[in-house]
2 protein chains.
Amino acid sequence: MPVEKPRSEYRQVVALLRAAIADGEFPPGALLPAEPVLAERFGVTRATVNRALAMLRTEGLVRPERGRGTTVNELPIIRRESAGRQAQGVREAEGSRGAFDAEIRGLGLVPEAVVSVAEVAAPAEVALLLGVEAGEPVLARVREMSADGVPVQLATSYLPLGIVGGTRIAEVDTGPGGTYSRLGELGYAPVEFTETVRVRTPAEDEVVALRMDEDQRVFAITRVAVAEGGRVVEVNRIVAPAHQWELVFS
Amino acid sequence: MPVEKPRSEYRQVVALLRAAIADGEFPPGALLPAEPVLAERFGVTRATVNRALAMLRTEGLVRPERGRGTTVNELPIIRRESAGRQAQGVREAEGSRGAFDAEIRGLGLVPEAVVSVAEVAAPAEVALLLGVEAGEPVLARVREMSADGVPVQLATSYLPLGIVGGTRIAEVDTGPGGTYSRLGELGYAPVEFTETVRVRTPAEDEVVALRMDEDQRVFAITRVAVAEGGRVVEVNRIVAPAHQWELVFS
DNA sequence: TCTTATTTGTTCGTATGTATT
DNA sequence: GAATACATACGAACAAATAAG
């Protein structure tokens with residue numbers, strides 16, 4: 001007979017709760033029983049239940065709130081299609097203001113993006129990629145994106161001031177087609193994109209901006225856009241909760 | 001003056017330990033002081049230190065072992081280049097037996113792969129992609145890959161028996177260039193690849209095979225290879241510890 | 001091989017703090 | 001203000017794995 005791997009109680013509670021949620025006993029949006037109640041149900045201490053719930057919170061499956069209770073998250077997973085994302089047709093699609101808008105609308109949610117533009121000192125890693133001195137001023141376009149009011153993605157795009165300084169790219173509204181269309185008009189149309197994907201814990205500011213927990217995980221995507229001739233014209237750093245996204249590459 | 005966000009003690013300990021590791025006080029491979037020692041150093045209970053170390057373990061930064069102590073992980077981050085990964089030149093490079101081998105060797109580590117082949121009932125999701133009935137037998141090529149003896153990736157490749165049954169693809173050694181070269185000779189050379197990336201907790205068997213903890217995270221990559229004419233010729237499911245890999249797409 | 005000390009894993013009971021209702 | 005509910009911390013105890021003799 002198969003050997004049963006002995007599992008600690010809190011892991012068993014995790015499995016039981018996960019199963020109960022999957023079975024529909026606690027549907028998305030529902031409030032779970034309070035910790036003392038679950039503790040009695042499973043025959044463990046509240047501390048053990050608390051630990052199990054903390055694990056599920058880290059996975060993004062539930063959201064415990066002090067004084068209120070623990071609710072089951074309704075997480076529509078957002079699919080990010082990387083192929084054709086920068087195609088002009090997609091960028092300029094009617095009603096949509098870019099690939100992100102289209103992705104969120106496709107799920108029946110309301111997208112929103114707050115954009116701010118500033119000149120900042122280039123972070124070391126970005127400077128290296130852009131081919132400028134570390135600390136040298138570059139243009140930073142920061143976008144905070146949300147779906148139905150829930151923040152789901154942060155993106156900071158760094159561009160060399162030598163190319164985009166004084167152009168419409170340095171303004172909040174870059175016009176139809178966005179940054180890439182303007183870059184094309186300046187003779188720096190991106191022809192190649194490289195995206196590097198990592199998973200890590202969020203930084204403190206990301207915890208605040210994305211309203212997530214410190215022990216959850218984020219995708220950290222660095223996209224480098226290269227123009228004809230090999231000149232790097234943009235470095236885009238994207239941060240998004242890992243449990244809410246699915247990345248597709250072709 | 002700025003408002004200091006009050007942080008729980010265990011999060012402060014996490015930050016302090018992370019800093020100490022980054023500063024080189026505890027270099028890769030080093031044994032950390034025992035939990036009671038750290039508890040005294042930070043002025044907290046062992047339970048708090050234990051919790052902090054559990055977080056660092058989940059991140060893949062340290063590896064606590066009962067009876068032994070807690071060591072700082074030393075396996076470097078492995079970069080997986082997706083572009084050109086299936087190019088014949090890369091696959092057939094001298095000394096390397098594929099993209100994975102080259103990636104691991106590039107880090108100065110010794111790659112190893114254990115391959116097994118079997119006919120299995122197609123999982124529902126795979127069957128849908130391959131265009132066969134769920135449960136219908138398909139060829140499964142399972143590869144367990146490791147670097148310096150540490151398992152770092154599982155890959156299960158599903159192929160339609162109608163195409164590959166009885167060919168060399170159904171054997172453990174597929175010959176120079178591997179599966180894709182053989183598929184080409186059969187008239188089903190893959191011309192398009194789509195990879196879908198998700199992050200999730202590992203399944204029980206993955207925990208065992210990859211020697212990781214239940215509360216760590218894995219990349220779950222599904223690669224679909226399409227031949228000329230739109231026929232799906234392979235579905236490859238790849239699972240790898242998320243903290244050990246960096247994915248690059250072009 | 002057996003024993004013992006060390007070290008981490010887990011659970012318990014209790015207490016206190018903080019946010020919400 | 002009071003009740004409810006989750007967050008964190010402490011101290012203690014025992015289990016399990018490892019290492020040393």
Side-chain angles (χ1 to χ4, degrees), chain A residues 3-17 26 29-73 204 207-208 211-216, chain B residues 3-17 21 26 29-73 207-208 211-216:
Chain A
V3 186
E4 270 294 321
K5 192 176 78 174
R7 286 212 294 177
S8 46
E9 291 179 7
Y10 79 91
R11 288 194 196 282
Q12 294 180 41
V13 173
V14 166
L16 289 169
L17 285 173
F26 306 121
L31 205 60
L32 290 184
E35 290 182 358
V37 179
L38 290 174
E40 178 149 19
R41 166 167 168 176
F42 296 125
V44 296
T45 330
R46 190 177 83 83
T48 303
V49 171
N50 182 277
R51 187 170 177 181
L53 287 174
M55 290 205 67
L56 295 178
R57 173 190 63 184
T58 297
E59 286 177 39
L61 194 58
V62 302
R63 200 161 58 89
E65 286 170 281
R66 269 201 286 237
R68 200 168 166 278
T70 301
T71 52
V72 180
N73 269 338
E204 284 185 40
V207 167
V208 175
R211 281 192 231 143
M212 49 192 307
D213 291 318
E214 278 197 40
D215 47 4
Q216 292 182 327
Chain B
V3 186
E4 270 293 322
K5 191 176 77 173
R7 286 214 294 177
S8 47
E9 290 181 6
Y10 80 91
R11 289 195 197 283
Q12 293 180 43
V13 173
V14 166
L16 289 168
L17 285 172
I21 290 171
F26 306 120
L31 205 60
L32 291 185
E35 289 182 358
V37 178
L38 290 174
E40 177 149 22
R41 167 167 166 176
F42 297 126
V44 296
T45 330
R46 186 177 84 87
T48 302
V49 171
N50 182 278
R51 187 170 177 182
L53 287 174
M55 290 206 67
L56 295 178
R57 172 190 64 185
T58 297
E59 284 178 39
L61 194 58
V62 302
R63 201 161 65 88
E65 285 170 282
R66 264 205 286 239
R68 198 160 172 285
T70 302
T71 52
V72 180
N73 272 339
V207 167
V208 176
R211 278 191 231 145
M212 48 191 308
D213 291 318
E214 278 196 40
D215 47 4
Q216 292 182 327

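Only this structure's heavy atoms are used, side chains among them; waters, hydrogens and symmetry mates stay out. Chain letters run A, B, ... following the sequence lines, proteins first and then strands; every chain starts at 1.
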Original post:
Between C:dT8 atom P and B:Asp213 atom CG, what is the distance in whole Å?
Top reply: 15 Å
Subject >> Point-to-point distance, once rounded to the nearest 0.5 Å, from CD of B:Gln12 to CZ of B:Phe42 >> reply: 10.5 Å
Original post:
When you look at CD of B:Glu40, are more than 12 heavy atoms from neighbouring residues, nucleotides or ligands closer to it than 6.0 Å?
Top reply: no
Original post:
Below 4.5 Å, heavy atoms only, C-beta onward: do A:Glu214 and B:Arg7 meet side chain to side chain?
Top reply: yes
Subject >> DNA chain D: 5'-most and 3'-most nucleotides touching chain B, 4.0 angstrom heavy-atom criterion >> reply: D:dT8 to D:dA19
Subject >> base_contact_polar (C:dG9 base, B:Arg46 side chain, donor-acceptor, <3.5 Å) >> reply: yes
Original post:
Under 4.0 Å between a side-chain N/O of A:Thr48 and OP1 or OP2 of C:dT10, yes or no?
Top reply: no
Original post:
So, is B:Asn50 near the phosphate of C:dG9, with a side-chain N or O under 4.0 Å from OP1 or OP2?
Top reply: yes
Original post:
When you measure from every atom of DNA chain C, which of residues 56-69 of chain A have a heavy atom less than 4.0 Å away?
Top reply: A:Arg66, A:Gly67, A:Arg68
**OP:** May I ask you to decide if A:Gly60's main-chain N or O and A:Asn73's side chain share a donor-acceptor pair within less than 3.5 Å?
**Re:** yes
**OP:** Note down the inter-axis angle between the two ends of the helix from C:dC2-D:dG21 to C:dT21-D:dA2, five pairs each, to the nearest 10°.
**Re:** 10°
**OP:** Please examine the side chains of B:Val14 and B:Leu56, heavy atoms only from C-beta on, and report whether any two atoms are closer than 4.5 Å.
**Re:** yes
**OP:** Take the protein atom CD of B:Glu214 and the nucleotide atom C1' of C:dG9, then report the distance between them rounded to whole Å.
**Re:** 14 Å
**OP:** Could you check if a side-chain atom of A:Val44 sits within less than 4.5 angstrom of a side-chain atom of A:Tyr10, using non-hydrogen atoms only?
**Re:** no
Original post:
Stepwise, does the side-chain contact (heavy atoms from CB on, under 4.5 Å) test hold for A:Val72 with A:Leu32?
Top reply: CA-CA 7 Å; A:Val72 180; A:Leu32 290 184; 4.1 Å; yes
**OP:** Indicate yes or no: at least one non-hydrogen side-chain atom of A:Val207 is less than 4.5 angstrom from one of A:Gln216.
**Re:** no
Original post:
Counting heavy atoms not belonging to B:Arg57, are there more than 12 under 6.0 Å from its CZ?
Top reply: yes
Original post:
Going by heavy atoms in the side chains, are A:Val13 and A:Leu38 under 4.5 Å from each other?
Top reply: no
Original post:
Would a 4.5 Å heavy-atom cut-off, applied to side chains only, mark B:Ile21 and B:Val62 as touching?
Top reply: yes
Original post:
Relative to the 5' end of DNA chain C, which residue comes earlier, B:Glu35 or A:Thr45, by the nucleotide with the nearest heavy atom?
Top reply: B:Glu35
**OP:** Using a 4.0 Å heavy-atom cut-off across all strands, classify A:Ala47 as base, sugar-phosphate, or nothing.
**Re:** nothing
